[in-house]
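A short write-up of the structure that comes next.
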Amino acid sequence: MTVINPLAEEGPIAEAEALNDKLAGLDLTGRLSLVAGLGGRVVFTTSLGIEDQVISAEIGTHRLPIDIATLETGRLFAETLSLIEETEAQYDIHIQRFTPEKADIDAYAAKYGLNGFYESVEARHACCGVRKLKPLARALEGATIWITGLRRGQSANRAETPFAEYDAERHLVKVNPLADWDIEAIKAFVSDNGVPVNPLHARGYPSIGCEPCTRAIKPGEPERAGRWWWEQDEKRECGLHVAEEAAAVAAQ
């Protein structure tokens, strides 16, 4: 068994690139099984979106030694919260919840107001930092590999998503086993395997985050157009997958 050591002084980028090449030739089960067998702590973070449900289904069905975590921000849709328990029951898995610290929420509200994220990009990023990035840092403590549900087809900003890459800010290898899957393949897998999904998907929400920051999309809009819809930047992200945001949290 080979243990990937992203903390090694030499070769972590080359190591991730080699893993990327290996994953490219495997199916989803093969990709997850390979990563699970590399040793060290492997963590999959799920937002309970349709892509993430595919990965949770594979982990549960094949009993893979991968920890599953979710960021319970305090502003999630009721449908999302219900899906956590439904998924745990169907696959006999445990999804660990990571919540924001009350002191951080109170400090944010004092500075910006509870819903201040509508007022400026700065305030919105600050909210995501408190409710998502800081809990993510706790979820990934001690991890050597971080699995996500990122796909190239989700947005232009994610069009070059690799299967594996070195995350220098978090000192681990980030694996995106669904990078080359399109939404039709995702839907087919869900249908063929009876995977539980968020009912909001059927109501026009292809990408689901916090309730105040997510709307249904209009016909012809990109998948992530409903996230932070009041902002004009087409590359808007919460910061989970943005190096600069991760570095800022690490500095704190």
Apply the test salt bridge (charged side-chain N to carboxylate O under 4.0 Å, His left out) to residues D180 and R152: give CA-CA distance (whole Å), side-chain angles for both, the deciding distance (0.1 Å), then the verdict. CA-CA 6 Å; D180 59 345; R152 295 166 188 160; 5.4 Å; no
Could you check whether R227 and S207, counting side-chain N and O atoms only, form a donor-acceptor pair closer than 3.5 Å?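 Side-chain D/A pair, S207 to R227: present.
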Side chains of Y112 and E122: do they bring a donor and an acceptor to under 3.5 Å?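 Yes, a side-chain donor-acceptor pair sits under 3.5 Å.
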Which residues pass the side-chain hydrogen bond (donor to acceptor under 3.5 Å, both in side chains) test with [X], sequence neighbours left out?
X    : value
R131 : none
Y205 : none
R97  : E88
D106 : K102

Which residues pass the side-chain contact (heavy atoms from CB on, under 4.5 Å) test with [X], not counting sequence neighbours?
X    : value
R41  : V43, D67, A143
P162 : N20, E165, N176
E211 : F77
P212 : R75, F117, Y118, C210

Quick one: closest heavy-atom pair of [X] and [Y], and the distance?
X    : Y    : result
P177 : R31  : O-NH1, 2.8 Å
G209 : L76  : O-CD2, 4.1 Å
I59  : F44  : CD1-CD2, 3.8 Å
G129 : P135 : O-CD, 4.3 Å
A164 : L23  : CB-CD1, 4.0 Å
V54  : V190 : CG2-CG2, 3.9 Å

Is any side-chain heavy atom of [Y] closer than 4.5 Å to one of [X]?
X    : Y    : value
H94  : I68  : no
T144 : H171 : no
W230 : R124 : yes
V35  : L64  : no
L178 : I186 : yes
Q53  : E86  : no
W146 : V175 : no
I55  : T46  : no

For D21, check salt bridge (charged side-chain N to carboxylate O under 4.0 Å, His left out) against everything at least two apart and list the hits.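 Listed in chain order: nothing, the list is empty.
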List the residues meeting ring pair (Phe, Tyr, Trp, His ring centres under 6.0 Å) with F98, not counting sequence neighbours, and say none if there are none.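 Result, ring pair (Phe, Tyr, Trp, His ring centres under 6.0 Å) vs F98: none returned.
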Sequence neighbours excluded - side-chain hydrogen bond (donor to acceptor under 3.5 Å, both in side chains) pairs with any residue from residues 54-66: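 Of all non-adjacent pairs touching residues 54-66, those that pass side-chain hydrogen bond (donor to acceptor under 3.5 Å, both in side chains) are T29-E58.
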Flag the pair E221 and R215 as a salt bridge only when some basic side-chain nitrogen lies within less than 4.0 angstrom of an acidic carboxylate oxygen.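 Counted as a salt bridge, because a side-chain N and a carboxylate O are separated by less than 4.0 Å.
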Step-by-step salt bridge (charged side-chain N to carboxylate O under 4.0 Å, His left out) determination, E79 to R203: CA-CA 12 Å; E79 289 88 343; R203 302 176 203 163; 3.1 Å; yes
Evaluate the side-chain contact (heavy atoms from CB on, under 4.5 Å) criterion for residues I147 and L32: first the C-alpha distance (whole Å), next the side-chain angles of each, then the deciding distance (0.1 Å), finally the verdict. CA-CA 9 Å; I147 298 175; L32 291 172; 3.9 Å; yes
Got more than 12 heavy atoms from elsewhere within 6.0 Å of CD1, I183?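 More than 12 within 6.0 Å, yes.
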Q96/T70 under side-chain hydrogen bond (donor to acceptor under 3.5 Å, both in side chains): CA gap, chis, key distance, verdict: CA-CA 6 Å; Q96 188 171 3; T70 193; over 6 Å; no
Kindly list each side-chain donor-acceptor pair under 3.5 angstrom involving residues 191-198, sequence neighbours excluded, with atom names and distances?
residue, atom, partner, partner atom, Å
N193, ND2, F189, O, 2.9
N198, OD1, L200, N, 3.0
N198, ND2, T80, OG1, 3.0

